[in-house]
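Reviewing the structure listed below.
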Amino acid sequence: MPELPEVEVVRRGLDAVLPGRTVATVSVLHPRTVRRQPGGSADFVAGLSGRCLGRPARRGKFLWLPLDGEDALVAHLGMSGQFRLDQAAAEPQRHTRVVLGFDDDGPELRFVDQRIFGGLWVSPQGAETPAELAHIAPDLFDPTLDNDQLVARIRARHSGIKRVLLDQGIVSGIGNIYADEALWRARVHYDSPASSLRPARVREVLEAARQVMGEALAQGGTSFDALYVNVNGASGYFSRSLAAYGQAGRACPRCGRSIVREAFANRSSFRCPRCQPRPRVRP
DNA sequence: ACTATATCCTGTATGC
DNA sequence: TGCATACAGGATATAG
């Protein structure tokens with residue numbers, strides 16, 4: 001599942017190949033992929049054709065490519081979205097949803113997405129920051145992030161700490177994997193009320209999230225299967241470094257107790273029962 | 001305003 | 001073997 005490190009790997013892959021190239025052809029193979037485009041496929045094609053791409057930017061899990069002029073192509077990978085750069089003659093991947101061809105001999109850009117939770121759209125005047133992302137908070141690597149203000153916002157929430165970490169309007173880029181890993185590193189239970197954590201504790205959680213995502217990025221991201229790969233189709237290697245996420249029944253790398261899996265908000269949460277005991281104050 | 005949940009989607013794994 | 005069910009979980013609309 002692409003979270004900040006995986007999306008950043010993709011951004012870097014696109015950055016190496018796309019800037020300065022001009023879109024010649026746009027094929028929308030599944031309308032759902034452009035569901036956030038006002039005017040649908042026709043407006044998406046019209047908005048991209050003939051445009052020259054700039055350097056890709058990212059906020060949290062969102063990517064965007066400035067277009068010549070002031071607009072931008074915005075992308076979210078969702079659960080299973082991939083950008084692939086392949087020569088036009090190469091066999092198309094199953095679940096290819098959108099293809100951009102260019103006016104040169106370089107590779108075409110394919111958006112492949114099995115589950116279609118991802119999407120693409122053209123944001124008018126979105127080159128600087130797309131208006132549709134106004135509600136997405138800065139991520140932990142954003143130089144404009146105000147860490148003290150973030151700590152205060154987190155502590156102002158009446159919800160469990162993991163729910164708050166996953167709220168992209170508070171801090172962006174963290175998903176289920178890195179939330180569990182950060183909480184394991186900081187030895188915090190996912191249901192600890194955010195408002196009950198001391199500021200220093202919240203800072204520790206954020207620093208743990210920053211660290212684990214930084215390490216994951218250095219290893220090319222976390223891949224469990226072919227659903228997350230870079231623009232060349234290669235997997236990242238961080239899954240072998242996970243301490244908690246997906247490790248139910250395996251020994252906690254710190255204390256040896258068995259990691260447990262628990263239902264959490266229609267999904268799963270993994271923790272060490274000894275390092276991350278349930279807090280006395282229940283939410 | 002804030003919080004929680006249902007929903008979208010498809011391939012894979014598991015159970016009977 | 002075949003069928004049904006659970007599961008993976010991003011963002012968002014909607015309900016409370």
Side-chain angles (χ1 to χ4, degrees), chain A residues 1-11 29-38 58-64 74-83 93-98 111-121 123 130-137 139 152-183 190-196 209 213 216 221-229 235-236 238-239 242 244-249 260-270 282-283:
Chain A
M1 307 89 231
E3 303 179 26
L4 187 153
E6 293 75 36
V7 178
E8 177 60 18
V9 169
V10 171
R11 192 199 67 77
L29 306 177
H30 199 301
R32 189 165 167 76
T33 295
V34 296
R35 64 194 178 281
R36 293 193 64 167
Q37 175 74 53
R58 182 186 55 74
R59 175 182 289 184
K61 305 169 194 170
F62 284 88
L63 285 170
W64 68 94
V74 188
H76 195 289
L77 304 179
M79 281 293 296
S80 55
Q82 307 174 2
F83 275 118
Q93 291 83 357
R94 196 178 174 193
H95 308 306
T96 299
R97 308 303 189 187
V98 169
F111 186 74
V112 181
D113 189 7
Q114 178 199 98
R115 295 176 203 173
I116 329 183
F117 279 25
L120 305 175
W121 72 95
S123 173
E132 298 84 359
L133 308 188
H135 66 295
I136 302 297
D139 60 59
R153 287 195 70 192
I154 289 173
R155 296 185 68 247
R157 298 298 287 255
H158 293 270
S159 189
I161 182 64
K162 182 170 172 181
R163 296 188 114 94
V164 180
L165 292 176
L166 294 175
D167 186 338
Q168 307 296 300
I170 301 291
V171 57
S172 67
I174 303 173
N176 208 32
I177 296 172
Y178 298 110
D180 279 2
E181 291 300 306
L183 291 168
Y190 59 84
D191 252 348
S192 300
S195 56
S196 75
M213 290 195 292
T222 299
S223 303
F224 298 111
D225 49 35
L227 284 189
Y228 165 70
V229 294
S235 293
F238 195 70
S239 61
L242 295 174
Y245 181 85
Q247 307 301 306
V260 297
R261 171 182 150 185
E262 292 164 329
F264 169 84
N266 276 333
R267 36 188 61 86
S268 293
S269 212
F270 298 86
R282 301 281 294 268

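Chain naming here is simple, since letters A, B, ... match the order of the sequence lines and numbering starts at 1 in each. All values derive from a computational prediction rather than experimental measurement.
Residue L165(A) contributes atom CG, which lies 14 Å from atom P of dT3(B) at whole-angstrom precision. What separates CG of L4(A) from C1' of dG10(C) is a distance of 14 Å, to the nearest Å. If you measure from atom CG of L63(A) to atom P of dA11(C), you get 12 Å, rounded to the nearest angstrom. Going from atom NE2 of H135(A) over to atom C1' of dT3(B) covers 16 Å, rounded to whole Å. For the pair I154(A) CD1 and dC2(B) P, the computed distance is 15 Å after rounding to whole Å. Summarising the geometry, the separation between CG on D191(A) and C1' on dT3(B) is reported as 14 Å, rounded to the nearest angstrom. In this structure, CG of D180(A) is placed 11 Å from P of dA8(C), rounded to the nearest angstrom. Distance E132(A) CD to dA13(C) P: 12 Å, rounded to the nearest Å.
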**OP:** Would you mind building the protein contact string for nucleotides 7-15 of chain B? One character per nucleotide, 5' to 3', B for base within reach (heavy atoms under 4.0 Å), S for sugar-phosphate only, - for untouched.
**Re:** -BBBS----
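Between T222(A) and E6(A), some side-chain heavy-atom pair lies under the 4.5 Å cut-off. You'll find the side chain of I116(A) reaches within 4.5 Å of the side chain of T33(A), heavy atoms only. In this structure, M213(A) and E3(A) have side chains that are not in contact, with every pair of non-hydrogen atoms separated by 4.5 Å or more. Here the side chains of Y190(A) and L166(A) are not in contact, with every heavy-atom distance at 4.5 Å or above. Looking only at side-chain heavy atoms (C-beta outward), H95(A) and D113(A) stay at 4.5 Å or farther from each other. For the pair Q168(A)/F62(A), no side-chain contact is recorded, criterion being any heavy-atom separation below 4.5 Å from C-beta on.
Look at K61(A) and D139(A) and you find no salt bridge, because none of the NZ, NE, NH1 or NH2 atoms lies under 4.0 Å from a carboxylate O.
Seen from the ring of F264(A), R163(A) counts as a face-on cation partner, given the 6.0 Å and 45° thresholds.
Contact annotation: R36(A) does not reach the phosphate of dA11(C) (side-chain N/O to OP1 or OP2, under 4.0 Å). Residue S268(A) places none of its side-chain N or O atoms closer than 4.0 Å to OP1 or OP2 of dC7(C). For R261(A) and dA8(C), the shortest distance from a side-chain N or O to OP1 or OP2 is below 4.0 Å.
F238(A) meets the ring-ring contact (aromatic ring centres under 6.0 Å, His included) test with no other residue; sequence neighbours excluded.
Ranking dA11(C), dT3(B), dT5(B) by closeness to the S159(A) side chain, first place goes to dT3(B). Here dT3(B) is the nucleotide among dG10(C), dT3(B), dT12(C) with the atom lying nearest to any side-chain atom of R157(A).
The bend of the helix from dC2(B)-dG16(C) to dC16(B)-dG2(C), defined by the angle between the axes of its first five and last five pairs, stands at 60° to the nearest 10°.
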